[in-house]
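A short worksheet on the structure shown next.
What you see below is based on every heavy atom in this structure, not just the backbone, and it leaves out hydrogens, waters and symmetry mates.
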Amino acid sequence: MKIAKTQKGNSLCFALEGRLDTNTAPELEAAIKGSIDGVEELTIDMQGLDYLSSAGLRVLLGAQKTMNKQGNMRVTHVNDTIMEIFEVTGFADILTIDKE
């Protein structure tokens with residue numbers, strides 16, 4: 001998986017490409033934890049994401065819990081396959097999701 005990080009002031013965006021699974025979730029988790037201090041707007045751009053596992057969902061949930069205390073988190077460019085995972089797991093009710 002590729003992770004592209006863009007920060008502008010107190011806004012941070014992680015653009016994901018590839019598979020967010022058991023092997024790559026720790027990499028994203030470390031990137032978020034190492035960058036999230038002082039961030040008020042966190043965006044996870046999933047335009048290039050092909051696959052999302054339960055390990056990836058756990059990382060997203062952890063980031064959401066942190067951002068609930070300090071700002072907002074959005075998940076953007078979610079394809080139909082990933083959206084179905086969010087709906088089945090109930091994450092569609094927890095996360096702020098922009099399909100496009």
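When each of T43, D45, I32 is tested with F14 by the rule side-chain contact (heavy atoms from CB on, under 4.5 Å), just one qualifies, namely I32. Screening V88, V78, V75 against M83 for a side-chain contact (heavy atoms from CB on, under 4.5 Å) leaves a single residue, V78. Only one option out of T66, L95, T96 pairs with M73 in a side-chain contact (heavy atoms from CB on, under 4.5 Å); it is L95.
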Throw together a table of side-chain donor-acceptor distances under 3.5 angstrom for residues 51-61, partners on residues two or more places apart or in other chains.
residue: S53; atom: OG; partner: A55; partner atom: N; Å: 3.2
residue: R58; atom: NH1; partner: E29; partner atom: OE2; Å: 3.3

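Rounded to the nearest 0.5 Å, atoms CD1 (I44) and OG1 (T76) are 8.5 Å apart. Summarising the geometry, atom OG1 belonging to T24 is positioned 13.5 Å from atom NZ belonging to K2; distances are rounded to the nearest 0.5 Å. From I82, atom CD1 reaches atom CD of E84 across 10.5 Å, with rounding to the nearest 0.5 Å. Here the CG-CE distance, from L49 to M1, works out to 7.5 Å after rounding to the nearest 0.5 Å. Taking CG from D21 and CZ from R19, the interatomic distance works out to 5.0 Å, rounded to the nearest 0.5 Å.
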Requested in this report: Output, in order, the C-alpha distance, side-chain angles, deciding distance and verdict of side chain to side chain contact (heavy atoms under 4.5 Å, CB included) for D98 and R74.
Outcome: CA-CA 7 Å; D98 297 330; R74 307 186 80 69; 2.9 Å; yes

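Taking the side-chain hydrogen bond (donor to acceptor under 3.5 Å, both in side chains) definition, one finds that N68 meets it with Q64, sequence neighbours left out.
Within the 4.5 Å cutoff, the side chain of L42 has heavy atoms near those of the I36 side chain. Two residues are said to be in side-chain contact when any heavy atoms from C-beta on lie closer than 4.5 Å; E27 and I3 meet this criterion. Residues K5 and S35 meet the side-chain proximity criterion, which asks for heavy atoms closer than 4.5 Å.
A side-chain donor-acceptor contact under 3.5 Å links Q70 to the backbone of V39.
Other residues, nucleotides and ligands contribute more than 12 heavy atoms inside 6.0 Å of the CD atom of Q7.
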